[in-house]
Amino acid sequence: MQKVFERSENLAGAVTVPPDKSISHRAAILSSLCRGKTRIARFSPAADCVSTLKCLEMLGVKQSWEAETLLVEGLGKEGFDQPGLPLDCGNSATTMRLLAGTLAGEPLEVTLTGDESLISRPMERIIEPLSLMGAEISAEGGGGRPPLRIKGGKLVGMEYSPPIASAQVKSAVLLAGLKAEGTTTVNETVQTRDHTERMLEAMGIAISSEGLSVSVEPGEPWPYDFDIPGDISSAAFILGAALICPGSEITLNDVGLNPTRTAFLDIILRMGADVEVSIEATDSWEPRGRVKARYSPLTAIDISEDDAARTIDEIPLLVLLATQAAGRTEVRGAGELRYKESDRLSGTVEALSSMGAMIEETPRGMIIEGPRELTGSVVSSHRDHRLAMMFAVAGLAAESQTTVRDWEFTDISYPGFDEVLKALGARVVE
Ligand code: S3P
């Protein structure tokens with residue numbers, strides 16, 4: 001399926017973005033490890049989170065819905081059933097990596113597989129630490145690629161320093177630590193999203209942080225009733241549209257504002273964006289609030305390796321904003337973008353260059369000269385939800401029409417994104 005976008009002005013309105021995808025995955029997995037029922041209000045409808053629910057169902061975890069609230073019947077720490085078939089994680093690396101950590105200490109033999117994109121993504125990053133803890137994991141795809149065959153066993157806690165900044169790796173190790181003997185510690189080089197840590201604490205697990213180190217003790221989480229805030233990574237696309245479509249003013253309600261996720265907001269403020277952030281609820285486990293953005297003239301800034309790690313999912317969108325900003329922007333240390341749902345470095349450069357942007361690809365980043373007038377073209381999403389949404393926003397700022405191919409992949413994180421843009425006044429031509 002394709003969607004066509006035209007230059008738009010005066011986008012206006014208020015939006016409640018879909019519930020946070022990262023938090024939804026974790027809420028479902030951790031609830032399944034409790035004994036008893038957990039209520040998860042506003043669970044994400046994103047296809048990735050549905051993949052997590054399906055995998056948990058195959059492990060024997062019963063789920064039901066009361067309107068938008070998901071009820072999960074946890075089986076306790078070692079209560080999963082032996083599945084008869086491989087678990088299909090779809091497009092979701094978070095599902096695969098977090099479930100690998102969860103299953104590493106279970107007395108089961110489980111195969112985790114996924115779609116064409118997921119089976120080409122690197123898994124050595126979790127195989128190494130989970131094997132060091134005592135699990136037997138083989139990458140059947142060769143070269144550290146899925147399917148992953150996991151034979152869970154007795155785990156021993158350890159201190160681990162991941163060679164890359166990754167919340168998925170950190171979370172996989174911490175989840176394995178729940179079933180290990182002794183303390184498990186992860187030392188990071190950059191603070192990545194800390195949702196797992198916050199949830200474990202809320203669920204009564206002994207977890208402590210000191211600087212960039214986090215340690216967890218074994219234990220079984222207690223049931224906790226979650227209410228998932230809006231996904232700031234989805235909100236970013238709407239904010240981006242407000243910043244580059246003249247005359248726009250958009251308010252986003254109930255957005256998650258966990259400081260380990262708000263680097264995108266810090267960066268656009270540094271670029272001169274007219275953005276107001278108000279924290280409205282400092283919930284015991286996740287802060288949330290309102291973000292208002294208006295059309296703004298932007299200036300170029302440098303995006304450091306540290307910035308890139310803290311806003312990795314928003315980098316393609318920041319690159320689009322940089323094409324509209326005055327001056328030269330350099331993105332450094334963003335090599336991890338090559339290992340996402342697609343190679344987001346080359347996908348971004350290829351499509352935005354075809355629209356007239358001046359971008360040079362470097363091995364681990366990009367150099368962008370702005371501002372440049374964009375002209376619509378036909379671009380492929382590379383079956384990547386975040387590239388598809390970034391290209392749509394680019395189309396709203398471009399002369400003539402922009403066609404985004406393989407649009408249906410936006411369901412991975414933001415079902416109905418085109419309808420939301422339309423309701424704000426964007427020109428979305430079927
Ligand atoms: C995620 C962590 C990030 C991010 C992904 C979601 C998570 O991946 O890109 O969209 O929920 O932990 P990495 O851990 O690979 O950086």
Side-chain angles (χ1 to χ4, degrees), residues 18-30 43-44 46-49 51-52 89-102 114 117-118 120-130 144 146 160 162-175 186 188-200 214 228-229 231-237 256 258 260-264 286 305-318 333-345 347-348 364 384-390 409-410 412-414:
D20 192 279
K21 189 158 80 77
S22 284
I23 300 177
S24 295
H25 285 297
R26 288 158 169 82
I29 292 172
L30 287 172
F43 187 85
S44 169
D48 270 1
C49 297
S51 293
T52 291
C89 304
N91 193 247
S92 175
T94 309
T95 305
M96 185 172 282
R97 294 185 178 132
L98 268 54
L99 279 181
T102 307
S117 154
L118 185 54
S120 69
R121 293 181 67 181
M123 293 296 152
E124 193 50 47
R125 56 187 63 195
I126 51 151
I127 295 175
E128 183 194 78
L130 298 177
Y160 186 66
I164 44 161
S166 165
Q168 291 176 357
V169 173
K170 172 177 66 176
S171 299
V173 175
L174 294 177
L175 289 168
V186 180
E188 295 198 279
T189 47
V190 177
Q191 167 78 68
T192 62
R193 62 191 73 190
D194 66 356
H195 305 304
T196 306
E197 295 91 304
R198 285 171 181 259
M199 283 182 167
L200 286 174
V214 54
I228 314 282
D231 196 323
I232 190 160
S233 297
S234 299
F237 294 102
N258 175 325
T260 63
R261 291 287 296 283
T262 50
F264 173 76
E286 289 286 347
E305 183 159 3
D306 189 77
D307 289 332
R310 291 185 309 118
T311 189
I312 193 72
D313 291 339
E314 291 75 55
I315 295 284
L317 179 67
L318 285 167
E336 270 297 303
L337 284 181
R338 298 205 186 276
Y339 308 108
K340 296 293 178 187
E341 286 82 332
S342 71
D343 176 345
R344 288 185 178 155
L345 271 183
T348 297
R364 304 186 62 221
D384 182 324
H385 56 124
R386 296 201 204 278
L387 287 189
M389 290 190 277
M390 185 272 274
F409 282 81
T410 51
I412 292 294
S413 62
Y414 203 154

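Both ligands and their constituent atoms are indexed starting at 1 by order of listing.
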* Kindly write out the residues that satisfy ring pair (Phe, Tyr, Trp, His ring centres under 6.0 Å) with Phe237, not counting sequence neighbours, or none if the list is empty. => none
* **Arg121: partners by salt bridge (Lys or Arg N to Asp or Glu O under 4.0 Å), with sequence neighbours left out** => Glu341
* Structure fact -> Counting heavy atoms under 4.0 Å, the part of Lys340 that contacts ligand 1 is side chain
* **Full working for side-chain contact (heavy atoms from CB on, under 4.5 Å) between Leu387 and Ser342** => CA-CA 9 Å; Leu387 287 189; Ser342 71; 3.5 Å; yes
* Report yes or no: does Lys170 contribute a side-chain atom to a donor-acceptor pair with the main-chain N or O of Arg193 at less than 3.5 Å? => yes
* To do: Could you tell me whether the side chains of Thr52 and Thr95 share a donor-acceptor contact shorter than 3.5 Å?
  => yes
* Structure fact -> Residue, atom and distance of the protein heavy atom nearest atom 1 (C) of ligand 1 read Gln168 NE2, 3.5 Å
* To the nearest 0.1 Å, how far is atom 4 (C) of ligand 1 from its closest protein heavy atom, and which atom is that? -> Asp313 OD2, 3.3 Å
* To do: Just let me know how Arg26 lines up against ligand 1, side chain, backbone, both or neither, with a heavy-atom cut-off below 4.0 Å.
  => side chain
* Structure fact -> At under 4.0 Å between heavy atoms, what of His25 touches ligand 1? The answer is neither
* Using distance alone, decide if ligand 1 has a nitrogen or oxygen within less than 3.5 Å of any nitrogen or oxygen in Val169. => no
* Run the side-chain contact (heavy atoms from CB on, under 4.5 Å) check on Leu118 and Cys89 step by step: do they pass? -> CA-CA 8 Å; Leu118 185 54; Cys89 304; 3.6 Å; yes
* **Ile312: numbered ligand 1 atoms lying under 4.0 Å from its heavy atoms** => 9 (O)
* Nearest to atom 11 (O) of ligand 1, what protein heavy atom do you find, and at what distance? -> Ser22 OG, 2.7 Å
* Structure fact -> Under 4.0 Å from one or more heavy atoms of Ala167, ligand 1 contributes atoms 12 (O), 14 (O)
* To do: Return the residue, atom name and 0.1 Å-rounded distance of the protein heavy atom closest to atom 14 (O) of ligand 1.
  => Ser166 OG, 2.6 Å
* Look at the side chain of Asp20 and the backbone N and O of Ile23, then say whether any donor-acceptor pair between them is shorter than 3.5 Å. => yes
